[in-house]
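What follows is one structure encoded as structure tokens, with my remarks underneath.
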Amino acid sequence: MNWLLRALGATAIMAFATVTNAGEISHELGTTTVPDAPKRIVVLEFSFIDALASVGVSPVGIADDKKRDRIIPAYTDIIGTDWVSVGTRKTPSLEVIASLKPDLIIADKKRHSAAYETLSEIAPTIVLDSLAGDYHASVAQMGVIGQAIGKSAEMETRVAAHKATMADYIAKIGPKAANYSAQFGVTNAKGLWLHSPISYNGSLLKMFGFASNMKPKEGGVYEKTYVPTTLEQLSEVNPDILIFGEYVDPSHVDSWANEALYKGLAAVQYGQVFNVTAHNWSRLRGMLAAEMTAKDLLEIMSGLD
Amino acid sequence: MSLRFGITLTALTLLCILASVWSISAGAVQISTAEIINTLFNLDGPKQEYIINRSRLPRTLLALVTGGALALSGAIIQALLRNPLASPKIIGINSGAALAVLLGTLFFPDIALRWLPVIAAIGAIAVAVFIFALAELRPISPARLALVGIAVGFTCDAGVDYILVTASTYEFSAPLVWLTGSLWARGWSHLNAVWPALIALSALCLLLSFRLDLIRLGAAQATGLGMNVRLERLILLGLATLLAALSVSVVGVLGFVGLMSPHIARKLVGGVHRGMLPVAMLTGMLLVVLADATGRVILPPIEVSAGILTAIFGAPFFIFILLTSRSEDET
């Protein structure tokens, strides 16, 4: 009995959020009482759109960085295009949020903790770790959001379907993936950031069975989620498969094309360098996003032995 | 204390009031004048309680008190170090605060962001105390004290750069917003935490401004007039440090205000501190209120940091003033 309780407790802590009673949502920064079925929801990270779209709920406000096309058609097909832009994810405009008279705000731990009190003055606010959380945490957050918006049952169904879809992909990709190490990174004009095994994409690659050559510190702890990486450091990691998301073209990685060190990378030698849509892989995070990533991976792996 | 001073002071006060009114009425959301008045004076009719009373009003007031404090701090430090390039930055305050915040987030990644201001104030004061202690240990000339301050500041900046280069930019996004100097998400709690101290310290500085004029005569003459120059210098430096540290702790590194405002004030009313200090304070208030309000309306709903705007708009004006200054006695 005792071990069972402990296991249950551990599960609760891992999910980092459980419902104590209806309307009471516990999250990264405490417990918030939310209305039964919030109608006017403002989301401040893209993964929260993924959650709302999963159960067919449209937010009234999105921190879309004032670039409406950052909300991809896969989402707008479900949530429509009637949302109001509330500014950047980094510093969303609090007065625009207030003007929407929301009844629920979903904020990110890394980005918006400093504004939690202010956001809470505007509307009930829950804070989840989207930016620095891994894939499994993002799926756990789906449950929290489902409860917060009063659609627990629908969300559970969607999460179950998602897990089945992913299991299908794992079955197809896994056997081949076991023979390779793979690494994802995003690159802009200034540099390359590798997504470590504790990041969202890193944990996804791990789930599909890829090895990671990124070395943890002593004790097996990875220090950072996103690691700025030079060409020398990349050649140390030297994965079999390199997957780049380019935010600009030509990117910083493109400038390495003629470097001997770059040409010597295992992935370059074997022609196993792939480009994917940086926005979909790196910024979105969520169930639909993970399924798109899995589809890309399946395509990549179908070309390999 | 001339007609020119009176006119300047009145004009700046009026400009500050106008800028504050604009700051309260302008933002990403359009609100009618009637609604603004209803909300501010709690009249009947449609209101915008959150946007006006809990967002724009405290932000505007915070911009006023911190802008004034940073300008006063800069003016005092320039006078004491007899260096026109001096600002709170020169005694390491900004760099100390920035380094402390980054170290805090590095070693305690889960620290609540509301503790950042406290950490910033501790870092700023620690660095300033270190520099003062050096100056006390072996009395040195103001010019050398400035150099020591610059050296310590550079060391802290190197630490900041090291952390920013080795750590991921993504994970430091929240401290980075703070580092550029911004009033985003500031409200009554931030204002209440600093306004009593800032107003009291500012008033004290204005009262002591005539001592700065005595010190400016030179240590020998001031001592001859019966002043304990060392003690008074220390008190004034302490006041300047506290003003800047408290401001930096709530609005971040709005570095340029402290350097620029005293020069603008000198151009307007000359270098006598009794007159220059209040003018510098009003200039700083005006600059920060304008920068914050502009940052909110320039690309709504995107918020542009006040720190970026004070540099963009202030710097050309600052250069113009320096180029059109007639003589050395104004610096």
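All values below come from the heavy atoms of this structure, side chains included, with hydrogens, waters and symmetry mates left out. Lettering of chains follows the sequences in order, A, B, ..., and the numbering in each one begins at 1.
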Inter-residue atom distance [X].[atom1] - [Y].[atom2], 0.5 Å rounding:
| X | Y | atom1 | atom2 | value |
| --- | --- | --- | --- | --- |
| B:S189 | A:E121 | OG | CD | 7.5 Å |
| B:R54 | A:L94 | CZ | CG | 12.0 Å |
| A:E95 | B:I52 | CD | CD1 | 7.5 Å |

- prompt: Only one of A:T91, A:T118, A:T88 clears side-chain contact (heavy atoms from CB on, under 4.5 Å) with B:W184; which?
  reply: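 Of the listed options, the one satisfying the test is A:T91.
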
Exercise. Under 4.5 Å, counting heavy-atom pairs only, tell me which of A:G191, A:A63, A:S99 racks up the most with chain B.
Key: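 Winner by heavy-atom pair count: A:S99.
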
- Query: Checking heavy atoms, do the side chain of A:V86, its backbone, both or neither come under 4.5 Å from chain B?
  - Reply: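 For A:V86, the backbone is the part near chain B, not the side chain.
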
For the CH2 atom on A:W83, are there more than 12 heavy atoms of other groups (residues, nucleotides or ligands in this structure) within a distance under 6.0 Å?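 Check passes, neighbour count above 12.
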
- Query: Is there a donor-acceptor pair under 3.5 Å between the side chain of A:K66 and the backbone N or O of B:P301?
  - Reply: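 Judged by distance alone, no pair lies under 3.5 Å.
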
Original post:
Is there side-chain contact between B:I302 and A:S93, with heavy atoms separated by less than 4.5 Å?
Top reply: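 Sidechains of A:S93 and B:I302: no contact.
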
